[in-house]
Amino acid sequence: MGKNFVITIARGFGSGGKEIATNVAKKLGINCYEHAILTLASQMSGLDRAHFAEADEKLLKPSFLHSIKESLSVSPEAHFVSNDELFSYEAQIIRALATNESCVIVGKAADHVLKDYDNVFSFYIEAPRAYCLKNVMEKMEVTEEEANDLITKTDKYRADFYKYVTGGNYWTNPVNFDLTLNSERVGKDGCVEMIAAYVDMKLREK
């Protein structure tokens with residue numbers, strides 16, 4: 001695998017996981033990938049990126065609340081079967097990244113895709129509902145009811161997606177990760193420091 005390493009971060013909606021991932025990447029001087037993987041996958045497949053738009057979490061903002069409710073009303077299996085090809089391309093890109101550079105990958109079931117790689121460190125970020133609600137309400141400027149709906153549906157989407165692509169494993173299974181961190185208790189900056197320190201410790205062991 002060489003000397004490069006990959007950090008995968010799964011996160012509950014509103015936990016601040018994306019911000020933590022971005023700051024971990026900045027601290028370590030490496031790239032952070034999330035939506036760029038979708039773009040690369042659509043280019044690689046030759047299909048229009050918009051074809052996969054409903055599966056892309058960029059739609060999770062107030063103006064798309066209705067669209068999300070509709071897209072998540074179908075059965076999880078029906079929704080994800082239509083995106084098998086996309087995920088196949090995403091998985092290829094994730095493996096290529098793990099082979100060729102040090103980086104942080106957010107979501108995309110990357111911990112599962114890279115489960116057989118020895119240069120990967122996986123983390124799950126979660127927080128109590130009240131903390132997540134506050135974050136979503138402030139960041140997205142929505143009501144508590146809308147924030148609650150977004151958290152419920154987004155986390156269900158992520159859990160269903162993970163279960164589908166892994167063949168039954170559950171998204172928050174602690175054995176999937178090196179560490180699970182509570183961003184309210186540890187703090188976002190604390191999570192960044194703990195992840196960086198853990199990776200440094202493990203790399204020194206190699």
Side-chain angles (χ1 to χ4, degrees), residues 1 5-22 24-25 32-35 37-38 55-57 60 72 74-81 83-84 86-88 90-95 97-98 103-133 135-136 148 150-188 190-199 201-203 205:
M1 296 296 179
F5 61 90
V6 177
I7 296 169
T8 76
I9 294 186
R11 72 281 183 229
F13 193 63
S15 66
K18 176 61 185 299
E19 180 184 343
I20 290 166
T22 300
V24 166
C32 182
Y33 294 99
E34 184 187 15
H35 298 314
I37 293 174
L38 180 77
D56 183 8
E57 291 173 356
L60 297 176
L72 292 176
V74 298
S75 71
E77 184 172 348
H79 183 67
F80 295 126
V81 165
N83 289 292
D84 275 348
L86 170 64
F87 183 70
S88 175
E90 287 186 331
Q92 290 180 55
I93 292 164
I94 289 168
R95 293 187 187 103
L97 289 171
C103 61
V104 177
I105 300 176
V106 182
K108 311 298 184 188
D111 62 284
H112 170 72
V113 174
L114 301 176
K115 66 183 187 302
D116 296 325
Y117 286 60
D118 62 7
N119 64 336
V120 177
F121 309 103
S122 297
F123 303 88
Y124 177 67
I125 310 296
E126 192 51 283
R129 187 62 162 233
Y131 178 83
C132 293
L133 278 170
N135 284 341
V136 173
N148 190 63
L150 272 171
I151 292 170
T152 298
K153 292 183 181 296
T154 306
D155 282 351
K156 183 179 187 304
Y157 173 91
R158 292 174 178 174
D160 288 344
F161 173 77
Y162 194 89
K163 182 178 181 180
Y164 179 79
V165 300
T166 62
N169 197 350
Y170 63 97
W171 175 47
T172 58
N173 186 348
V175 301
N176 295 337
F177 308 102
D178 290 66
L179 292 175
T180 296
L181 299 172
N182 181 328
S183 55
E184 181 185 46
R185 292 191 180 187
V186 180
K188 293 177 185 177
C191 287
V192 171
E193 294 301 323
M194 288 188 70
I195 291 170
Y198 177 85
V199 171
M201 178 189 73
K202 298 301 287 185
L203 289 174
E205 294 176 0

Could you pull out all residues at least two apart from [X] that satisfy side-chain hydrogen bond (donor to acceptor under 3.5 Å, both in side chains)?
X: Tyr124; value: Glu126
X: Lys188; value: Glu19
X: Lys202; value: Glu205
X: Thr152; value: Arg129

Taking the side chain as every heavy atom from C-beta outward, state whether [X] and [Y] have any pair of such atoms under 4.5 Å apart.
X: His112; Y: Asn176; answer: no
X: Phe13; Y: Lys153; answer: no
X: Leu97; Y: Val6; answer: no

Hey, could you give me the CG/CD1 distance between Leu133 and Ile151, rounded to the nearest 0.5 Å? 4.0 Å
Taking all heavy atoms of [X] and all of [Y], pick out the closest pair and write down the distance.
X: Ile93; Y: Ile37; answer: CD1-O, 3.8 Å
X: Ala109; Y: Tyr162; answer: CB-CD1, 3.9 Å
X: Arg95; Y: Tyr117; answer: CB-OH, 3.4 Å
X: Ile20; Y: Cys191; answer: CD1-CB, 3.8 Å
X: Lys18; Y: Arg11; answer: N-CG, 4.3 Å

Check whether Asn135 reaches the backbone of Gly14 with its side chain - one donor and one acceptor, N or O, closer than 3.5 Å. yes
Apply ring pair (Phe, Tyr, Trp, His ring centres under 6.0 Å) to Phe123 and list each qualifying residue two or more places apart in sequence or on a separate chain. Tyr198
Counterpart residues, side-chain contact (heavy atoms from CB on, under 4.5 Å), relative to [X] (two or more places apart):
X: Glu193; answer: Lys27
X: Ser122; answer: Thr8, Asp111, Val120, Phe177, Asp178
X: Leu203; answer: Phe5, Phe121, Val199, Lys206
X: Ala21; answer: Ile9, Cys32, Val104, Val106

In chain order, what residues pass the salt bridge (charged side-chain N to carboxylate O under 4.0 Å, His left out) check against Lys163, with sequence neighbours excluded? none
Using atom types as modelled, flag every donor-acceptor pair under 3.5 Å from a side chain in residues 179-187 to any protein atom, sequence neighbours excluded.
residue : atom : partner : partner atom : Å
Asn182  : OD1  : Glu184  : N            : 3.0
Asn182  : OD1  : Arg185  : N            : 3.2
Ser183  : OG   : Ser15   : O            : 2.7

